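Okay, structure first, notes after.
Model, not experiment: these values are computed from the prediction.
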Amino acid sequence: MQETSRQVEISRGWPYFAALFVITFIAFWPSYFSPGLGASSVYAHLHASTAALWLGMLIIQPWLIRTYRFELHRALGRASYVLVPVIIICMLLLANYRLRTVSETDYPIQTYVLYLQVSLAALFAISFALAMIYRRKAEIHARFMICTGLTLIDPVFARLFYWIHPASAQYHQWLTYGLTDILFLLLIIAERRNRSGRWVFPLMLIVFVIAQAPALLWLTNLQIWQSFAIWFKSVPLT
């Protein structure tokens, strides 16, 4: 009974992900929805669809816990073993397609975007893998699942900021990463008195910052990343 009470207590995050779902629709309206779905590639549609399914799962799963529907929660959890690899594959397919079809003029910035895509895919995969490793420890599992959702902050708010103020695009990466890190800090402060699982957010904040550093410092201009981009472009995934 005590374990069930803890599960219900830590399942309060679904309204925040529901709000993020609405913000995502607004942020992608100018570039994805407004021009018409025919204006985007099939790879963009696959990525958008699978990402939306995951965000929907982050809303539904905590709600199922709060309504004591644990069997359905576990059934959807098993479905995630299929959905998550598909999400990651779709992310990489979109990255490959954009790199292979970009103009020579935009190629340098696309190699930078490639790092954003690959690093977010890695952070998402790490967060999910750790959530599954700790799936029998509800408080730890839930925190790692929240981390999978925090990987959505950068792509969503980058578009929102660009829509609001395109002239300041060079600062958007600092804003989106900064927002992600602030959310981590708020979570750390909010649960500072918790005894179980409070190590998750400090650990993942460090992991996220390490992944963010190459983009913020423009280390993607280094030869090692440019060589990777050339190789990745040569792979006929799309």
Side-chain angles (χ1 to χ4, degrees), residues 7 10-25 27-28 32-33 37 40-98 113-114 116-159 180 183 197 200-201 204 207-208 211 232 235 237-238:
Q7 284 180 289
I10 61 178
S11 62
R12 297 175 296 180
W14 71 267
Y16 300 101
F17 286 116
L20 180 59
F21 195 96
V22 175
I23 294 171
T24 300
F25 183 81
F28 280 85
Y32 183 71
F33 294 106
L37 298 182
S40 299
S41 69
V42 64
Y43 304 105
H45 294 321
L46 288 172
H47 172 60
S49 301
T50 54
L53 284 174
W54 185 254
L55 188 50
M57 186 171 285
L58 291 177
I59 297 168
I60 294 170
Q61 286 290 68
W63 179 78
L64 290 175
I65 292 177
R66 291 195 68 80
T67 54
Y68 298 94
R69 300 176 185 181
F70 299 114
E71 285 302 319
L72 184 53
H73 173 85
R74 283 189 282 269
L76 284 177
R78 288 190 290 271
S80 70
Y81 286 109
V82 176
L83 178 58
V84 166
V86 172
I87 291 172
I88 295 171
I89 289 170
C90 288
M91 293 174 72
L92 296 178
L93 287 175
L94 179 60
N96 181 264
Y97 172 78
R98 287 182 172 171
V113 173
L114 174 65
L116 302 182
Q117 295 168 313
V118 171
S119 62
L120 286 176
L123 289 171
F124 178 81
I126 290 169
S127 299
F128 177 77
L130 290 171
M132 294 304 102
I133 290 171
Y134 288 98
R135 64 188 178 278
R136 300 190 186 280
K137 296 183 178 180
E139 293 185 337
I140 298 175
H141 168 79
R143 285 166 174 80
F144 280 122
M145 291 297 284
I146 289 172
C147 292
T148 67
L150 291 179
T151 63
L152 300 171
I153 298 297
D154 172 58
V156 170
F157 280 86
R159 285 162 179 80
T180 305
L183 289 175
V200 172
F201 292 134
M204 292 307 292
V207 173
F208 270 63
F232 188 71
V235 179
L237 296 178
T238 57

From Phe232 atom CZ to Leu92 atom CG, the distance as rounded to the nearest 0.5 Å: 5.5 Å
Atom pair CE (Met145) and OG (Ser80), whose distance is rounded to the nearest 0.5 Å: 6.0 Å
Spacing of CE belonging to Met204 relative to CG belonging to Leu123, to within rounding of 0.5 Å: 6.5 Å
Could you give the side-chain donor-acceptor pairs of residues 151-158 under 3.5 Å, partners two or more places apart or in another chain?
from: Thr151; atom 1: OG1; to: Thr148; atom 2: O; distance (Å): 2.5
from: Asp154; atom 1: OD1; to: Gln173; atom 2: NE2; distance (Å): 2.8
from: Asp154; atom 1: OD1; to: Thr176; atom 2: OG1; distance (Å): 2.6

Check against side-chain contact (heavy atoms from CB on, under 4.5 Å), Leu130 and Ile133: CA-CA 5 Å; Leu130 290 171; Ile133 290 171; 4.2 Å; yes
Heavy-atom pair of closest approach, residues His73 and Ile65: CE1-CD1, 3.5 Å
Straight-line distance of Tyr43 OH to Asn96 CG, nearest 0.5 Å: 8.0 Å
Nearest non-hydrogen partners of Thr238 and Tyr97, listed with the distance: OG1-CA, 3.3 Å
Residues that Ser40 engages under side chain to side chain contact (heavy atoms under 4.5 Å, CB included), provided they are two or more places apart: Tyr32, Ala44, His45
Distance-minimising heavy-atom pair for His141 and Arg135: ND1-CA, 3.6 Å
Minimum-distance pair of heavy atoms, taken over all atoms of Cys147 and Phe208: O-CZ, 3.8 Å
Pairwise distance CZ(Arg69) to CD(Gln61) - rounded to 0.5 angstrom: 12.5 Å
Spacing of Arg74 atom CZ and Leu64 atom CG [to the nearest 0.5 Å]: 11.0 Å
Any donor-acceptor N/O pair, Arg66 side chain to Trp63 backbone, under 3.5 Å: no
Within 6.0 Å of OH in Tyr16, more than 12 heavy atoms from elsewhere: no
Parallel, tilted or perpendicular: ring planes of Phe128 versus Trp54, cut at 30 and 60 degrees: perpendicular
Contact summary for Arg143 and Gly197, nearest pair of heavy atoms: CD-O, 3.1 Å
Side-chain donor/acceptor of His47 to backbone N/O of Cys90, under 3.5 Å: no
Partners passing side chain to side chain contact (heavy atoms under 4.5 Å, CB included) against Ala125 (at least two apart in sequence or in another chain): Ile88
Non-hydrogen atoms of Ser127 and Phe144 that approach each other most closely: O-CB, 3.5 Å
